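Read the structure below first, then the notes.
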Amino acid sequence: MLSNNVANATTGGYKSDHEFYSLYVAPEAETSDPISTMPVIDKPWTDFSQGTLHPTGNATDLALSGPGFFSVNGPSGPLYTRNGNFHVSSSGQLVSSDGYPVRGVDGNSLTLQSTRPIEILSDGTVQQDGQVIGQLAVADFTSTAGLAKQGNNYFRVTDPAVKPMTPSGTAVEQGNLEDSNVGTAGAAVRLISVMRQFEMLQKAVLLGSEMDRQAIQQVAKVGS
């Protein structure tokens, strides 16, 4: 998990993962004995806080200032992402870096002319030559617990009860991209710390095995 965070420290719109701890109690232990409990990683959780926006000057680079996700038509249904590194395909569709069509509020893709200037307003309205082409679908969710990482910086809805809604106060920033929210230095330090702890425990296991071997040899000598 930590190495994946470090690897995606420069991935646009990437959301870092963290561990969620709970307490493990051995089945044979008394529940009232605090010595018998120990922390254990129960599951990961995703930090959806916004990353820093930086200007690119590219008209099809988009970022969201506020909560929510861009919506694209994935192979098996809608996918959601904070990475607005879009471009116009050879067929004239506005697509993601993986070629998935960006969804409009009507659920359809947006068809543009790549040779004409593109203007995208803060509410997601897309214009060319003064004509409204469509409006980008920006979706938010009452709970991110129903979202799961799909890969390639996409999220999918895993809980059918979770429905997308239009966020309030979110603005589309044209010519900008959102950086990853991974703290590079902190993630690298934690990764090194975990590696050192693993090495220490590995040495402890080897030391225990060596003590067992020595004990067996000594017992054998006494018996002879």
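Here the structure is a predicted model, which is why all the values come from computation and not from measurement.
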Do you know which two heavy atoms are closest between [X] and [Y], and how far apart they sit?
X	Y	value
Arg103	Pro78	NH1-CG, 3.9 Å
Thr170	Pro167	OG1-CB, 3.5 Å
Asn153	Tyr14	OD1-CA, 3.4 Å
Leu136	Val105	O-CG1, 3.5 Å
Ser65	Leu53	CB-CD1, 4.2 Å
Ser96	Val72	CB-CG1, 4.4 Å

Looking at Phe155 versus Phe48, is the centre-to-centre ring distance below 6.0 Å?
yes

Should [X] and [Y] be counted in the same cluster of Ile, Leu, Val, Met, Phe, Trp and Tyr side chains packed under 4.5 Å apart?
X	Y	result
Tyr154	Leu94	yes
Tyr100	Leu64	yes
Val138	Leu110	yes
Phe86	Ile133	yes
Val88	Ile120	yes

Atom pair [atom1]/[atom2] of [X] and [Y] - distance to nearest 0.5 Å:
X	Y	atom1	atom2	result
Phe70	Asn85	CZ	CG	11.0 Å
Gln150	Tyr80	CD	OH	12.0 Å
Ile118	Leu62	CD1	CG	9.0 Å
Leu2	His18	CG	NE2	9.0 Å
Arg196	Leu201	CZ	CG	14.5 Å
Glu178	Thr11	CD	OG1	12.0 Å

Among side-chain atoms of [X] and [Y], is any donor-acceptor pair under 3.5 angstrom?
X	Y	result
Ser89	His87	no
Gln93	Ser109	yes
Thr81	Asn83	no
Asp17	Thr46	yes
Asp47	Ser49	yes
His54	Asn176	no

Is it the case that the side chain of Lys15 and the backbone of Arg82 share a donor-acceptor pair, with hydrogens and angles ignored and the cut-off at 3.5 Å?
no

Without swapping roles, check the side chain of Gln135 against the backbone of Gly124 for a donor-acceptor pair under 3.5 Å.
no

Taking Arg116 first and then Asp129, would you say they form a salt bridge - that is, a charged N and a carboxylate O separated by under 4.0 Å?
yes

Electrostatic pair Lys203:Glu210 at N-O distance under 4.0 angstrom:
no

Determine whether Glu119 and Gln128 satisfy the following criterion, side-chain contact (heavy atoms from CB on, under 4.5 Å), listing intermediate values before the conclusion.
CA-CA 6 Å; Glu119 182 182 7; Gln128 274 193 316; over 6 Å; no

